[in-house]
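First up is the structure itself, then whatever we jot down about it.
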Amino acid sequence: MVRTWLFKSEPYEFSIDDLKASPRGTSGWEGVRNYQARNLMRDEIGKGDVVIFYHSSVRPPAAVGLAEVVREGYPDRTDGSSPEDPVRWIQVDVRYRTHFEEPVTIDAMREMKGLEELALLRRGNRLSIQPVTPKEAKTIIRAGGLDPARFL
DNA sequence: GCCAACGTTGGC
DNA sequence: GCCAACGTTGGC
C-alpha cells in the first residue's frame with residue numbers, strides 16, 4: 001500500500017483545477033517555506049504516493065480530489081540559491097488524478113468516524129503538507145464518493 | 001541558547 | 001477582519 005499525504009493549497013493561488021490544467025496535469029509543488037514540510041518532501045514523500053488535495057482559506061475548506069507524486073524531492077526552482085547561500089528549499093512534482101464526486105469539507109471530516117486523529121483537524125495545525133494514514137485516506141476517499149481501492 | 005517581538009496561517 | 005496558534009528572527 002502506498003503512502004498517503006494531504007497537501008493544502010489556497011485555491012486562488014493554486015487550485016486542483018489549476019493542477020488539472022497544467023501540462024500533463026503535472027506541476028511542481030513549489031514555494032513551500034516551512035522546514036517540517038520541506039523535510040517531509042526531502043525524506044519521506046516518494047514517487048507513487050497518493051496526495052489528497054485540500055483547499056484551505058475558502059469556505060468551506062475541503063478535500064477536493066486526488067493527485068499522485070511523480071517526482072521525488074529536488075531543489076525548489078523558486079529557491080534563490082547561490083554558492084554563498086546553497087539550496088534550502090525542496091519541491092516534489094504532483095500529477096492530477098481526479099476530483100472527488102463531492103468535496104469533503106473539514107466539518108464533515110470532524111464528524112467522521114476514523115478521522116479523530118487526523119493531523120488536519122488538530123487544533124492550531126498549520127502544516128501545509130501532512131501525513132495521512134492509509135485508513136484515514138480510505139475514509140476520506142470514500143466520503144468523496146470514490147472507490148479507495150482504485151487509488152491505494 | 002533563551003525568549004520577546006514579530007510575521008504568517010487559516011478557521012471562523 | 002479577528003485572533004489563536006505557532007514558526008522565525010534577532011538581541012542579548
Side-chain angles (χ1 to χ4, degrees), chain A residues 3-22 25-46 49-69 71-146 151:
Chain A
R3 282 191 287 187
T4 47
W5 308 93
L6 183 143
F7 282 25
K8 283 186 203 171
S9 185
E10 300 177 357
Y12 42 86
E13 297 291 341
F14 189 77
S15 72
I16 190 168
D17 298 299
D18 294 328
L19 178 61
K20 187 180 184 181
S22 299
T26 301
S27 173
W29 201 266
E30 64 202 30
V32 174
R33 294 294 182 268
N34 171 280
Y35 287 103
Q36 229 180 317
R38 190 272 315 261
N39 294 347
L40 289 175
M41 289 196 284
R42 188 187 60 194
D43 305 331
E44 305 292 337
I45 298 179
D49 287 0
V50 170
V51 171
I52 295 172
F53 203 117
Y54 177 82
H55 283 169
S56 66
S57 294
V58 287
R59 268 211 285 262
V64 291
L66 298 175
E68 71 173 313
V69 176
R71 183 174 174 186
E72 298 194 356
Y74 63 101
D76 187 320
R77 63 175 195 83
T78 65
D79 185 322
S81 61
S82 65
E84 302 77 43
D85 188 14
V87 171
R88 184 182 310 185
W89 302 111
I90 295 290
Q91 66 179 87
V92 297
D93 288 353
V94 297
R95 178 162 58 207
Y96 172 82
R97 294 210 61 189
T98 183
H99 281 65
F100 287 149
E101 299 289 323
E102 285 293 331
V104 185
T105 66
I106 194 169
D107 280 346
M109 287 190 260
R110 280 188 220 284
E111 304 287 305
M112 229 167 270
K113 193 164 179 294
L115 298 185
E116 295 83 1
E117 302 297 318
L118 189 69
L120 178 76
L121 303 181
R122 280 208 283 272
R123 186 173 166 76
N125 170 68
R126 303 186 321 181
L127 195 58
S128 65
I129 292 179
Q130 310 184 350
V132 178
T133 68
K135 270 191 163 178
E136 290 167 339
K138 223 179 234 184
T139 301
I140 294 168
I141 293 168
R142 194 174 291 124
L146 302 178
F151 303 98

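Letters A, B, ... are given to chains in the order of the sequence lines, protein chains preceding strands, and every chain is numbered from 1.
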Legend entry - Nucleotide range of DNA chain C lying under 4.0 Å from chain A heavy atoms: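 Result: C/dA4 to C/dT8.
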Under the side chain to side chain contact (heavy atoms under 4.5 Å, CB included) test, residues paired with [X] that sit two or more places apart:
X        : value
A/Thr98  : A/Leu66, A/Leu146, A/Phe151
A/Leu19  : A/Phe14, A/Ser27, A/Phe53, A/Ala67, A/Val94, A/Tyr96
A/Glu102 : none

Inset, instruction - Not counting sequence neighbours, which residues clear salt bridge (Lys or Arg N to Asp or Glu O under 4.0 Å) with A/Glu136? List them please. - result: none
Inset, instruction - Quick one: label A/Arg110 by what it contacts on the DNA or RNA (base, sugar-phosphate, nothing), any heavy atom closer than 4.0 Å. - result: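 Sugar-phosphate contact only - A/Arg110 comes under 4.0 Å of backbone atoms but never of a base.
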Inset, instruction - Indicate yes or no: does A/Asp76 engage A/Arg33 in a salt bridge with an N to O separation below 4.0 Å. - result: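 Salt bridge present between A/Asp76 and A/Arg33.
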Inset, instruction - Kindly state which residues belonging to residues 121-133 of chain A come within less than 4.0 angstrom of DNA chain C, counting heavy atoms of the residue only, listed by number. - result: A/Arg123, A/Gly124, A/Arg126
Legend entry - Partner set under side chain to side chain donor-acceptor pair (under 3.5 Å) for A/Asn39, not counting sequence neighbours: A/Arg42
Legend entry - Test ring pair (Phe, Tyr, Trp, His ring centres under 6.0 Å) applied to A/Tyr74 - qualifying residues, sequence neighbours left out: none
Legend entry - Residue pairs passing the ring pair (Phe, Tyr, Trp, His ring centres under 6.0 Å) test where at least one lies in residues 114-134 of chain A, sequence neighbours excluded: none
